[in-house]
Amino acid sequence: MTTPSADRTTRPPVATPGGTPVSQPDEAGDRLTADERARILAKSALFNPPDAALPDGRRDLVGLSREELAAELAAIGEAPFRTKQLWHWIYHQGVTDFARMSSIARPLQAKLAERFVVGRPETVVAQTSDDDTRKFLFRFRDRQEAETVYIPDPEEDRGAVCLSSQVGCTLSCRFCHTGTQTLVRNLGAAEIVGQFMGVRDAYGEWPSPKGETPRLLSTIVLMGMGEPLYNYANVAKAMTIVMDNEGIALSRRRITLSTSGVVPMMDRAGAELGVNLAVSLHAVRDELRDELVPLNRKYPIAELMAACRRYPGASNARRITFEYVMLRGVNDSEADARELVRLIAGMPAKVNLIPFNPWPGSAYQTSTRAAIERFARIVNDAGFAAPVRAPRGRDILAACGL
Ligand code: SF4
């Protein structure tokens, strides 16, 4: 998905009162037009997953919207109220066997089982780290695989599930191991929701008959393999399912979508999903970001920051997270820290500093402890939280793909 730098907008940025340059909007809504979004969505559709039908013709009900589920049931002559009933069993109770859906009469259970399944990805590997981080390798029906990581909160009985959105990635970020793998395909909504449900199965975290639900899996971060905004349709559908109040019922405040900066789709995700936003920034000057995050050649820093400033719902309680991988001698100077502060001035923002986790063949080294501390202090002194992310699950190679 890298594009030549000639693609960069030619309209000069303007300065805000705080001094931060942003793109000038024009009446056509700059380049953030419906056309550009349509182009991204059309390209994304080329990488869609194979059909959800099993070889025996049965259809997986996981990943269908409520409307699609209602249509499937109507097609076999069932009344609309069955949709709510099935939705509850599938997403609230986590039941995969129709015979266990006790509010449904046996003849209908059998009829459903003839035509449908409630699927899960196959768990190929589940490894637990010394720090209780757990990595799952899930295999889908066409034998493609993706990783999902559960990262427990060390202080409390809860944690985040990091979901993948694609198999491979188009974006080739220089510091990212996943970026060395070409994009195979998008994950479907069923496969994205299925990762979360598969992890819930592993932790037995569905309601007990008494209705108690432990809340270990309290948040979702879309930070695994892939760029979620290059698979927007499936990601949006999956998150809509996950947020549905009668099912998994995770609030939008508990979901964070991480993007490398697909600017036109940021606006749409904000308007339609309203989930928390994380941005993989990693550099504060276009020249360097062009190299580290090649998508920057298409959507440079000024445009990215403008999209962040207008992201709906961002507030001090829901700050935008800027991810910043610390690369020794590359992006970790005091001048870089000061420029970062200038870029995010006035924004409800926090900065996650991520010590680089080297992988075989990577071109970078992690910053020194002193450099990270110096950088964090400058950002902190400007009034922004700048926690240094502790590497988790290193022994099972579950640490962030960064
Ligand atoms: S950092 Fe994210 S967007 Fe960039 S190559 Fe890695 S997986 Fe893709």
Side-chain angles (χ1 to χ4, degrees), residues 1-3 40 43-44 47 135 137-138 144-149 151 160-187 191-192 195 220-232 234-235 255-266 269 275-284 286 288-301 303-304 307-308 320-327 330-331 351-364 366 389 391-393 397-402:
M1 188 55 63
T2 56
T3 48
I40 292 170
K43 185 158 188 184
S44 168
F47 291 93
K135 181 173 81 173
L137 182 65
F138 287 124
Q144 293 297 340
E145 296 171 347
E147 280 181 2
T148 308
V149 179
I151 308 143
V161 185
C162 178
L163 302 180
S164 292
S165 55
Q166 298 181 305
V167 179
C169 189
T170 45
L171 289 185
S172 311
C173 300
R174 283 284 303 277
F175 49 81
C176 170
H177 195 214
T178 301
T180 62
Q181 303 167 37
T182 53
L183 176 66
V184 177
R185 68 168 175 83
N186 288 331
L187 292 177
E191 295 165 331
I192 297 167
Q195 293 171 64
I220 284 179
V221 289
L222 284 153
M223 285 186 191
M225 192 186 262
E227 164 55 61
L229 293 185
Y230 273 157
N231 182 20
Y232 181 72
N234 289 305
V235 165
I255 298 172
T256 299
L257 184 150
S258 174
T259 181
S260 296
V262 185
V263 167
M265 300 310 295
M266 287 165 66
V275 295
N276 300 324
L277 181 69
V279 173
S280 295
L281 186 63
H282 309 307
V284 291
D286 281 323
L288 178 60
R289 195 163 189 270
D290 282 354
E291 182 191 323
L292 296 180
V293 184
L295 183 67
N296 194 70
R297 297 173 197 166
K298 189 153 188 61
Y299 305 114
I301 291 172
E303 282 194 23
L304 176 58
C308 291
I320 295 173
T321 304
F322 289 93
E323 309 283 351
Y324 198 94
V325 62
M326 300 296 294
L327 304 172
V330 175
N331 65 353
V351 180
N352 268 350
L353 299 176
I354 308 162
F356 178 61
N357 186 22
W359 37 272
S362 59
Y364 304 104
T366 192
R389 195 196 282 169
R392 305 290 303 274
L397 297 176
C400 186
L402 298 175

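Source: prediction; values computed, not measured. Whatever order the structure lists ligands and atoms in, that order sets their numbers, starting from 1.
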Margin query: Tell me the nearest of Ser260, Pro294, Cys173, Cys169 to atom 4 (Fe) of ligand 1, using heavy-atom distances.
Written below: Cys173
Item checked: Gap between atom CZ of Arg289 and atom SG of Cys173 - 0.5 Å precision -> 8.0 Å
Next item on the list: Using a strict cut-off of 4.0 Å, indicate which atoms of ligand 1 neighbour a heavy atom of Leu171.
Entry: 3 (S)
Margin query: Looking at ligand 1, would Gly226 count as a contact under a 4.0 Å heavy-atom criterion?
Written below: yes
Item checked: Any side-chain heavy-atom pair of Thr259 and Met265 under 4.5 Å -> no
Check: Does the side chain of Val184 reach to within under 4.5 Å of the side chain of Phe47, using non-hydrogen atoms?
Finding: no
Next item on the list: For Ser172, counting its heavy atoms only, list the atoms of ligand 1 lying under 4.0 Å from any of them.
Entry: 5 (S)
Next item on the list: Please work out which of the three classes, parallel, tilted or perpendicular, describes the rings of Tyr364 and Phe356, given edges at 30° and 60°.
Entry: perpendicular
